[in-house]
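Structure, as structure tokens:
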Amino acid sequence: MSNTQLLPLLEPADQAVEPCCPPLTERPFTAEEAETAARMFKALGDPVRLRLFSAVASHEGGEACVCDISDVGVSQPTVSHHLKKLKEAGLLTSERRGTWVYYRVEPSVLASMGKLLSIAPA
């Protein structure tokens, strides 16, 4: 007799990420908007994190296995720490598949960051 049970598959979220903040030239940030934007920029302010973020964002298919992006000149535990910081800042999502974790940058996150740094329409 087996204790194995089937678990339902999760469907990917179809909801788009809303921009955290208006374009910098539109109006001054509220305290909450500034905290959110600062958290994203702080996460990307580390060269290793920026390399990991870039590796995931530019990887074929829009997602990367941690096994494919770990070669950034630091130990594996340090890579895990940096990926955790990127997830906490809302820049990456992850999914465990067997023994590996796959990371992805949601296109809406990139669009949100791009909008933040754009010039507000006249």
Side-chain angles (χ1 to χ4, degrees):
M1 185 164 172
S2 174
N3 289 335
T4 306
Q5 73 185 128
L6 295 174
L7 298 175
L9 294 175
L10 297 177
E11 294 298 321
D14 290 331
Q15 52 191 354
V17 174
E18 289 296 315
C20 72
C21 318
L24 288 171
T25 57
E26 185 176 300
R27 63 170 172 77
F29 285 171
T30 65
E32 184 179 329
E33 291 168 340
E35 286 289 329
T36 302
R39 195 169 32 254
M40 289 188 331
F41 287 119
K42 182 177 180 181
L44 292 175
D46 182 282
V48 172
R49 288 186 203 143
L50 188 55
R51 287 185 67 200
L52 289 168
F53 185 74
S54 174
V56 172
S58 64
H59 202 270
E60 185 178 333
E63 69 178 8
C65 174
V66 69
C67 59
D68 294 329
I69 59 171
S70 294
D71 188 19
V72 291
V74 296
S75 67
Q76 190 282 324
T78 304
V79 168
S80 294
H81 166 76
H82 287 303
L83 289 169
K84 178 183 174 190
K85 292 296 183 182
L86 290 167
K87 281 183 61 176
E88 288 172 351
L91 298 172
L92 292 179
T93 60
S94 66
E95 177 184 354
R96 179 171 291 283
R97 297 182 196 155
T99 58
W100 297 110
V101 177
Y102 287 77
Y103 291 88
R104 89 184 115 279
V105 178
E106 297 296 332
S108 56
V109 170
L110 291 176
S112 173
M113 291 174 68
K115 184 173 181 175
L116 170 69
L117 296 173
S118 68
I119 296 175

Original post:
More than 12 heavy atoms of other residues, nucleotides or ligands under 6.0 Å from CD of Glu88: is that the case?
Top reply: yes
**OP:** Rounded to the nearest 0.5 Å, what's the gap from CG on Leu83 to OH on Tyr103? Could you check?
**Re:** 4.5 Å
Counting only pairs under 3.5 Å, give me each side-chain donor-acceptor contact of residues 40-57, with atom names and distances, residues two or more places apart or in other chains.
from  : atom 1 : to    : atom 2 : distance (Å)
Asp46 : OD1    : Val48 : N      : 2.8
Asp46 : OD1    : Arg49 : N      : 3.2
Arg49 : NE     : His82 : ND1    : 2.9
Arg51 : NH1    : Val72 : O      : 3.3

**OP:** Any pair with a residue in residues 55-65 that passes salt bridge (charged side-chain N to carboxylate O under 4.0 Å, His left out), sequence neighbours left out, goes on the list, sorted by first then second residue, please.
**Re:** Glu63-Arg97, Glu63-Arg104
Subject >> Residues which pass side-chain hydrogen bond (donor to acceptor under 3.5 Å, both in side chains) with Gln76, listed by chain and number, not counting sequence neighbours >> reply: Ser80
Original post:
Which heavy-atom pair separates Cys65 from Tyr102 by the least distance, and what is that distance?
Top reply: CB-CE2, 3.4 Å
Subject >> Distance-minimising heavy-atom pair for Ser70 and Val79 >> reply: O-CG2, 3.7 Å
Original post:
If every non-hydrogen atom of Pro28 is compared with every non-hydrogen atom of Glu33, which pair is closest and at what distance?
Top reply: O-OE1, 4.3 Å
**OP:** With rounding to the nearest 0.5 Å, note down the distance linking NZ in Lys115 to CG in Leu24.
**Re:** 12.5 Å
Original post:
What distance separates Thr93 OG1 from Lys87 NZ, expressed to the nearest 0.5 Å?
Top reply: 8.0 Å
Original post:
Once you round to the nearest 0.5 Å, how far does CH2 of Trp100 lie from OG of Ser94?
Top reply: 14.5 Å
